[in-house]
Amino acid sequence: MQVRIQGRREHYRTVAFDADRNAVLLIDQRVLPHEFKIVAVSDYERTASAISDMTVRGAGAIGATAAYGLAQGVRAFDGAEAAEFESHVASVYETLKNARPTAVDPVNAMNIVRSRMADGASINEKKTLALQAAEEFADEDVAHCRAIGEHGAELIKDGARVLTHCNAGWLAFVDFGTATAPMYVAQERGRAFHVFCDETRPRCQGAALTAWELSEQGISHEVIADNAAGYLMQRGEIDLVIVGADRLIAATGEVANKIGTYTKAVLAARHGIPFYVAIPLSTIDRELSSGSDIRIEERAGDEVLGAWGIDETGRRRYVRIAAPESGARNPGFDITPPELISGIITPHGIWDVNG
Ligand code: MRU
């Protein structure tokens, strides 16, 4: 996506790789929209930490980061023993896999890298193949998002008012995004529309990231409190909902996405508003047989009990909202059943999960 930096527009990927430094390059999403900063992460353990602490977040972006992180870890191996190499690869894989549990994209991405490495006859060949596979995964993520945009744009009619939740935009992928991709293509096709961004407490990815992306892109939008969507739907002010996903269970059509997605799907059904989920193929889980088997990330309570922001001096600060003696429960994701989903926007077209 293009970003305005000191008056100039420049193109950036959310995740990239510097082969000379063996470093994963990440846009630091913790400081956006107040500061635009790229960090170079120098080893796979730090890459896993960047996923856990949400320097990088969003299913596709952490998928590409894990793929690069695996290649990074593999390339750092300096032994000559095949068995030692295989155990190193397994430990890099597990470290990155355990960084965050709910999105399936990191696992799918690393499985692709590993299976490509199997074609290498020597350790050196495997190292080369690992990086090639990670680069291809990142490029495919971009191509998938673009194709999602082409298929989904038809849903956004001139004058539409679209609700989205959290950030399934450019920053949640390598480029372009999923839920936002139809918006970008609709804009290219000359359509005028308005987007409501759920603020998405507790980490406010909607207010901080999606709204910033849309403003960089010149798309009309407003941030709404998480609790405002029902009121707007009741008044006929929302025509369409498009969200992303962290995991789609192929066997059932259930979707795991940022906490609050299920609530919006129930509200949309109540008001007869189409509710779409946009995903690349890396978000499909072909292993689990039920949404209740998905491990839902439970995050620290202080995210709910307070909020992060920038003070008047530009310093990033945490302010406490709740009483000091209150605790919190903080599940990061919820599961939306297929009967609440009008369709899944994929790179191959819009799928009906209830057919
Ligand atoms: O916790 P996050 O920010 O990594 O959560 C991911 C999300 O932003 C959402 O769940 C999003 O809608 C899907 S990620 C493409």
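Counting starts at 1 for both ligands and their atoms, following the listed order.
- A heavy-atom separation below 4.0 Å is not found between G332 and ligand 1.
- Considering backbone and side-chain N/O atoms, G58 comes within less than 3.5 Å of an N/O atom of ligand 1.
- Under 4.0 angstrom from ligand 1, there are no non-hydrogen atoms of E297.
- Ligand 1 has no atom lying under 4.0 Å from any heavy atom of R203.
- Residues F36 and Y12 place their aromatic rings such that the two centres sit under 6.0 Å apart.
- Between N108 and R286, the side chains place no donor N or O within less than 3.5 Å of an acceptor N or O (distance only, hydrogens not considered).
- Taking only nitrogen or oxygen atoms, main chain and side chain alike, R100 reaches within less than 3.5 Å of ligand 1.
- Side-chain rings of Y318 and W308 approach one another, their centers coming within less than 6.0 Å.
- Between G152 and P182, the closest heavy-atom pair is C-CB, 3.5 Å.
- Of all protein heavy atoms, the one lying nearest to atom 8 (O) of ligand 1 is R57 NH2, 2.4 Å.
- By the 4.0 Å heavy-atom criterion, N167 is counted among the residues contacting ligand 1.
- Counting all heavy atoms, side chain and backbone alike, K258 lies closest to D246 at N-OD1, 3.9 Å.
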